[in-house]
Amino acid sequence: MSRIYTPLLTDFYQLTMASGYWQLGMHEQEAAFHLLFRKNPFKGNHAVTCGLSTVIDFIREWSFQQDDLDYLASLKDSKNLPLFTPAFLDYLANMQFSCDIDAIPEGTIVFPNTPVLRVQGSLIQCQLLETALLNILNFQSLIATKAARVCIAAEGDDVIEFGLRRAQGPDGALSASRAAYIGGCTATSNTLAGKLYDIPVRGTHAHSWVTAFSSEQEAFESYLKVMPHNSVLLVDTFNTIDGVANAIEAGIKLRAQGAELSAIRLDSGDMADLSVKARKMLDEAGFKNTGIMSSNSLDEYAIADLKKKGAKISAWGVGTNLVTAYDHPALDGVYKMSALKNANGKWDYKLKLSEQEVKISNPGRHQVRRFFTNDKYLADVIYDLDFGIPEAPEVSLFDKSMPPVRLDDYDAFVDLLQPLYSKGKLVQKQKSIHAIRKEAIKEVRQFHNANGTHVYPVGLEKKLHELKLKLMSKYRK
């Protein structure tokens, strides 16, 4: 685990194909691939793209080291002969990343079938990048989307990511903490994520702290003595209402020492009823500024339900259901070749056919243009870089229940895919995680307020759609 940013973080068939391309002299052919997802997660109507900074970190370290090559050299085929030739391994040893990558910035609202990333370069490098790019962007986009949904449900309350202990391993936990912060969470319990990504860290104490003392009252007073300015007390170890009363008594003594009880935390029981009773007790005792934090299998649905019931909760600790994307555990991102240069230096357009229409890929080298009226998104139009796009494009939408549209009434537009790498060199200045988070929150709120819950139109510009139909007809003969 000390070195995971390596080209070996890939599916094995990527390496066997790479060897095949090399042996056949195809490895340096220029190719174009696109990364996209086919279905909105969580039965929603959008996703939040996330993970690009991790992609940059990965590519920065992306080179075959001697121990990688030694491992590959040790692999045998069914005849117990070396699977990879020494000459091919020498090629890998000297290979340096040289692709162009254009990407939609982190924190942007995105939709099914929209290319999030375009990779263009030698066929062998485009192929070897596939698995890691999908691994990074699929997971972080999924968690950022879940976090955004939770934060919308919380209606401006603090949401703290509490998922480390139930995340999918150390690497999954770190990626989830990063993505959850970008999606809108205010802090994490994951201390290493706090160090690595500059995310604020928060924490209280566990039930074991309370049971380590002779009484709950002693436990609370002792904690406030050693942590007077990190004063959040977990009140449900024995009886929640008694715990609130004990917290108030400890808070009175803390106040006499010149500090204030920040919050209490509820972790079980009827959260709506208990929070109302706790709020009344705190207010009557003069602790109107003391918050009430809730944790316990929370997600956007549970938070919305508690809000509807009038719960008096001011902060939410969300763990398992967030970092594991419990109700939608994987984003179905795919990475497809769409063009390959021939010997004459011309692009041959490529697509993958399928009996399932959603799995038929799009040919060409794509850009995504987003059209606006005021603050409302109108549509995303995917067009080919060589064909271009007219001022009032005609769009064939992916949702077949919607007829083709002509976009001739809009205020503005933006092309979403922005240069990230040019010939292997990073050309885009990296934003801080805080700037990315700010943009993500702005994007989600704007879309949520202006576009609501309707299906957002995404489709192919007319000339690109016609090319796709032509190739489909050609390959089905």
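Index from 1, following the sequence. Please read all numbers here as calculations on a predicted model, not as lab measurements.
In this structure the side chain of Pro115 reaches within 4.5 angstrom of the side chain of Val368, judged on heavy atoms. For the pair Asn374 and Phe372, the minimum side-chain heavy-atom distance is 4.5 Å or more. Between Asp270 and Lys277, every side-chain heavy-atom pair lies at or beyond the 4.5 Å cut-off. Between Thr237 and Trp209, the closest side-chain pair of non-hydrogen atoms is not below 4.5 Å. For the pair Val318/Phe162, no side-chain contact is recorded, criterion being any heavy-atom separation below 4.5 Å from C-beta on. The shortest distance between side-chain heavy atoms of Pro105 and Gln418 falls below 4.5 Å. Taking the side chain as every heavy atom from C-beta outward, Asp332 and Asn138 never approach each other to under 4.5 Å. A heavy-atom distance below 4.5 Å is not found between the side chains of Asn190 and Val201.
Ring centroid separation for the pair His46 and Phe111 does not come in under the 6.0 Å cut-off. Centroid-to-centroid, the aromatic rings of Tyr5 and Trp62 stay 6.0 Å apart or farther.
Nearest heavy atoms, Leu261 versus Thr290: O-OG1, 2.8 Å. For the pair Leu129 and Tyr335, the tightest heavy-atom approach, listed with the atom from each and the gap, is CB-OH, 4.5 Å. Between Met281 and Ile241, the shortest heavy-atom distance links the atoms CE-O, 3.7 Å. When all heavy atoms are compared, the tightest approach of Phe220 to Gly243 is CE1-O, 3.4 Å. Summarising the geometry of Ala339 relative to Arg365, their closest heavy-atom pair is CB-CG, 4.1 Å, with the distance given to 0.1 Å. Taking each heavy atom of Ile143 and Ala180 in turn, the nearest pair found is CG2-N, 4.0 Å.
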List the steps and the verdict of side chain to side chain contact (heavy atoms under 4.5 Å, CB included) for Ile104 and Thr114. CA-CA 10 Å; Ile104 296 179; Thr114 302; 4.1 Å; yes
Going through the checks in order, is the side chain to side chain donor-acceptor pair (under 3.5 Å) test met by Glu106 and Thr49? CA-CA 5 Å; Glu106 284 192 274; Thr49 185; over 6 Å; no
Evaluate the criterion side chain to side chain contact (heavy atoms under 4.5 Å, CB included) for residue pair Glu216 and Asn239; output intermediate values, then yes/no. CA-CA 10 Å; Glu216 186 176 60; Asn239 176 280; over 6 Å; no
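For Lys225 and Glu221, the salt-bridge test fails: no basic side-chain N is under 4.0 Å from an acidic carboxylate O. For Lys307 and Asp157, the salt-bridge test passes: some basic side-chain N is under 4.0 Å from an acidic carboxylate O. In summary, Arg60 and Asp57 engage in a salt bridge, as defined by a charged side-chain N under 4.0 Å from a carboxylate O. Salt bridge status for Lys146 with Asp327: present, with a side-chain N to carboxylate O gap under 4.0 Å. Salt-bridge check for Glu461 with Arg369: failed, with every basic side-chain N at 4.0 Å or more from each acidic carboxylate O. Between Asp102 and Arg118 there is a salt bridge, since at least one side-chain N of the basic residue sits less than 4.0 Å from a carboxylate O of the acidic one.
A donor-acceptor pair shorter than 3.5 Å can be found between the side chains of Ser295 and Asp267. Side-chain polar atoms of Ser262 and Ser231 form a donor-acceptor pair below 3.5 angstrom. One side chain, Thr131 or Gln14, offers a donor N or O that lies under 3.5 Å from an acceptor on the other. If you check the side chains of Arg165 and Ser189, you find no donor sitting under 3.5 Å from an acceptor. Remark: the Asn321 side chain and the Tyr301 side chain contain no N/O donor-acceptor pair separated by less than 3.5 Å. Residues Tyr326 and Asp299 have side chains that never bring a donor and an acceptor to within less than 3.5 angstrom of each other. For the 3.5 Å distance criterion, the side chains of Gln446 and Asp375 fail to qualify, holding no donor opposite an acceptor.
A donor-acceptor pair under 3.5 Å is formed between the side chain of Tyr223 and the backbone N or O of Thr204. In this structure a side-chain-to-backbone donor-acceptor pair under 3.5 Å is present from Ser141 to Cys50. Remark: the backbone N or O of Lys376 is not paired with any side-chain donor or acceptor of Thr373 at under 3.5 angstrom.
Note on ring orientation: taking the six-membered ring where Trp is involved, the planes of Phe447 and Tyr377 are tilted (angle from 30° to 60°).
Atom CG of Leu234 is separated from atom NE2 of His205 by 5.5 Å, given to the nearest 0.5 angstrom. Here the straight-line distance linking atom CZ of Phe371 with atom CG of Leu378 works out to 8.5 Å at 0.5 Å rounding. One distance of note links NE2 of His465 with CD of Glu394; it measures 10.0 Å at 0.5 Å rounding.
Applying the ring pair (Phe, Tyr, Trp, His ring centres under 6.0 Å) test to Tyr13 and every residue at least two apart in sequence or in another chain returns nothing. Evaluation of the ring pair (Phe, Tyr, Trp, His ring centres under 6.0 Å) rule for Tyr181 yields His434 as partners, not counting sequence neighbours.
Only one option out of Gln140, Lys431, Arg178 pairs with Ser53 in a side chain to side chain donor-acceptor pair (under 3.5 Å); it is Arg178. The only option from Val444, Val159, Ile441, Ile303 that meets the side chain to side chain contact (heavy atoms under 4.5 Å, CB included) definition with Ile152 turns out to be Val444.
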